[in-house]
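Reviewing the structure listed below.
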Amino acid sequence: MPHAISPSPITELPILGSDDSFPVRRVYCVGRNYADHAIEMGHDPDREPPFFFQKNPDNLVTSGVFPYPSGSSDVHHEIELAVCLARGGKDISLETALSHVYGYAVGLDMTRRDLQAEAKKLGRPWEIGKAFEHSAPISPIVPAARIGHPDKGVIWLKVNGEIRQSGDLAQMIWKTQEAIAYLSRLFTLAAGDIVMTGTPAGVGPVKRGDRLEGHVEGVGDLVVTVA
Ligand code: MN
């Protein structure tokens, strides 16, 4: 049937070493998944059930440019491992969860911290703090067929050459397979879904002109300029 309006384009991410692209369906984010970051945000790092929020697929950008967003004067960087699904399902078991993964990328969960803090205080949803335009810069995807499933290795973010965030994937409170299994009990996952797995300690503000350089061992690098 003809569309009454022109459909918006789907978000497609490049895949390292391939001419194919990865079409994105949904973006899920795990909150407080590294103990030292939970502590810096004023929370108990005990292994409580994971919680999730979402970004919009078209928040993902690969341009290497992050335009400073409207409505905030305290925008923070959060460097994260992004997990990209080849297959979905409901009630995925822990044992099979990793077989649903197509590959991995280095992502930034850019956050309007002032708006998020206000939303937390008022018990409101987080979208205005998390799911705004260009809020999810991401690297090309590296297939798991090439690198396996990273569960340890350094993850860091430099701002203008200085280390701001650093941690190790082994510190993730909820591992990749646990996040997938848990999410699949709450949502029906599908091919093209992306799970951002949380950030280590050291989050902080960015300003126009900053150069953000992120790295996840075994996955790659992401360089973003704040414009
Ligand atoms: Mn995050």
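Each ligand, and each atom within it, is numbered from 1 in the order the structure gives.
- Sorted by first then second residue, the salt bridge (charged side-chain N to carboxylate O under 4.0 Å, His left out) pairs that include residues 65-83, not counting sequence neighbours, are Glu78-Arg113, Glu78-Lys130.
- The number of protein N, O or S atoms lying under 2.8 Å from the Mn ion (ligand 1) is 3.
- Looking at heavy atoms from C-beta onward, His215 lies out of side-chain contact with Ile155 at the 4.5 angstrom threshold.
- Using bins of under 30°, 30° to 60° and over 60° for the plane-to-plane angle, the ring pair Phe22/Tyr102 lands in the tilted bin.
- Listed by first and then second residue, the salt bridge (charged side-chain N to carboxylate O under 4.0 Å, His left out) pairs that reach into residues 51-71 are Lys55-Asp109, sequence neighbours excluded.
- When the side-chain hydrogen bond (donor to acceptor under 3.5 Å, both in side chains) test is applied to Ser93, the partners found at least two apart in sequence or on another chain are Thr96.
- A ring-centre distance under 6.0 Å is not found for Phe187 and Phe52.
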